[in-house]
Amino acid sequence: MVLIVTVIVFILLRSIPGNVAVAILGPSDYRNPATLAQFNAQYGFDKPWYSQYLLWLGHLLQGNLGFSWTLDQSVASLLGQRLPKTIILVGFSTIIALIVAIPIGVWQAVRRNKPVDYTFTGLSFLFYAAPTFFVGTVLILVFSVKLGWFGPEAPQGGVVNDLTDWRDLTLPVITLALVTIALFSRYMRSSVLDNITEDYVRTARAKGASKRRVLWRHVMRNSLIPIATLLGLSIPGILSGALITESVFNYPGMGYLFYQSAQKQDYPTMLGFIIVVAIATVVGSLVADVLYAVLDPRVRYA
């Protein structure tokens with residue numbers, strides 16, 4: 001799957017209008033045919049796309065992700081610097097989303113078609129439909145500009161600053177968490193509603209188990225199965241949301257690095273980012289399958 005992703009993305013990047021030499025060398029050097037020819041020969045842009053891909057893939061298999069022309073640094077070192085910051089942002093937002101979304105989904109299912117259910121349903125649709133950059137901008141205007149509770153910009157230092165400057169990290173984490181909460185809560189509500197009508201619930205109630213015990217000991221565990229699967233498959237969406245969030249809050253993570261590289265047509269850095277996302281997606285799907293078997297005793301992998 002990762003190999004297929006690299007082929008598709010490599011072709012798409014090479015199909016983008018524009019010239020890499022213009023972005024790297026500048027218009028004045030681009031008008032010099034000799035400089036242009038030398039640049040294309042040095043980086044293999046004078047070869048067919050499949051030859052360029054095989055050359056890049058050979059370097060990748062050797063652990064070489066390439067070199068960033070614009071930042072004058074290897075892609076591996078860039079990702080190594082930015083990846084921990086993105087992990088902090090995505091990790092905190094995902095944990096908060098699970099802590100908030102799971103009880104909300106259960107509460108909605110228990111109080112189905114009640115005012116509280118309609119209220120949270122409307123809020124879920126609102127935050128799920130709202131663009132991430134819009135949510136982040138509104139939070140900055142309200143909680144930073146108007147109220148002054150949090151900083152308008154994310155922490156700019158290393159990982160230690162992210163963990164200590166919690167006031168500056170709060171708004172980026174909340175921005176990314178709100179969209180995720182809207183998604184997870186809807187799935188949790190639907191899963192609980194499906195399990196409440198199962199035979200094992202009626203059997204447990206017939207044996208004298210209280211409604212609360214049945215809900216939290218039986219229904220909850222089975223209802224978490226779709227959430228575990230969704231969590232692994234939602235990694236690309238969460239990381240794409242992190243890209244926009246980092247751009248809004250000027251957070252120097254992998255997403256903001258990709259945004260800057262896309263503006264400057266820095267193909268090696270963009271490919272490196274996409275490889276990390278593809279690997280994270282495959283690993284997330286694998287973890288989701290394992291969690292599926294852990295949560296559901298009927299599923300066993302040979």
Next item on the list: Identify whether Ile174 and Leu147 are in the same connected component of the hydrophobic contact network (ILVMFWY, side-chain heavy atoms under 4.5 Å).
Entry: yes

Check: Of the options Thr132, Val173, Val90, Val179, which is the one that meets Thr245 in a side-chain contact (heavy atoms from CB on, under 4.5 Å)?
Finding: Thr132

Checklist line | Exercise: identify the closest heavy-atom pair between Val192 and Ala109 | finding: CG1-CB, 3.4 Å

Next item on the list: With sequence neighbours excluded, give me every ring pair (Phe, Tyr, Trp, His ring centres under 6.0 Å) pair touching residues 112-135.
Entry: Trp107-Phe120

Check: Do Val282 and Val7 belong together in a cluster built from hydrophobic side chains that touch within less than 4.5 Å?
Finding: yes

Margin query: If you compare all heavy atoms of Pro103 against all heavy atoms of Leu98, which two are closest, and at what distance to 0.1 Å?
Written below: CD-O, 4.1 Å

Margin query: Tell me the closest heavy-atom pair linking Thr269 and Ser261, and the distance in Å.
Written below: CG2-OG, 3.1 Å

Notebook entry, point to check: Which atoms form the tightest heavy-atom contact between Thr175 and Val135, and what is the distance?
Noted result: CG2-CG1, 4.2 Å

Note to self: Do Leu171 and Ser144 have side chains that approach each other closer than 4.5 Å (heavy atoms only, starting at C-beta)?
What the structure shows: yes

Next item on the list: Taking the six-membered ring for Trp and the single ring otherwise, decide whether the centroids of Phe10 and Tyr53 are under 6.0 Å apart.
Entry: yes

Check: Any side-chain heavy atom of Arg112 within less than 4.5 Å of one from Arg189?
Finding: yes

Item checked: Non-hydrogen side-chain atoms of Ile95 and Ile99 separated by less than 4.5 Å -> yes

Next item on the list: Please name the residue in the list Thr119, Asn113, Thr121 that meets the side chain to side chain donor-acceptor pair (under 3.5 Å) test with Gln108.
Entry: Thr121

Margin query: In this structure, would Met1 and Ile275 fall into the same cluster of hydrophobic residues linked by side-chain contacts under 4.5 Å?
Written below: yes

Next item on the list: Count the heavy atoms of every other residue, nucleotide or ligand shown that sit under 6.0 Å from CZ of Phe67, and state whether that count exceeds 12.
Entry: yes

Next item on the list: Find out whether Pro252 and Lys85 are in side-chain contact, i.e. whether some heavy atom of one side chain is under 4.5 Å from a heavy atom of the other.
Entry: yes

Note to self: Applying a strict under-4.5 Å side-chain criterion to I, L, V, M, F, W and Y, I'd like to know whether Phe249 and Trp149 cluster together.
What the structure shows: yes

Notebook entry, point to check: Taking the side chain as C-beta and beyond, is there a heavy-atom pair between Ser68 and Leu78 under 4.5 Å?
Noted result: yes

Note to self: I'd like to check Asp168 versus Glu153 (side-chain heavy atoms, cut-off strictly below 4.5 Å). Are they in contact?
What the structure shows: no

Note to self: For Ile181 versus Ala101, what's the shortest heavy-atom pair and its separation?
What the structure shows: O-CB, 3.8 Å

Check: Going by heavy atoms in the side chains, are Leu169 and Tyr251 under 4.5 Å from each other?
Finding: yes

Note to self: If you define the side chain from C-beta out and look only at heavy atoms, does anything of Leu60 sit under 4.5 Å from Leu65?
What the structure shows: yes

Check: Do Leu57 and Val277 sit in the same hydrophobic cluster, where Ile, Leu, Val, Met, Phe, Trp and Tyr count as joined when their side-chain heavy atoms come under 4.5 Å apart?
Finding: yes

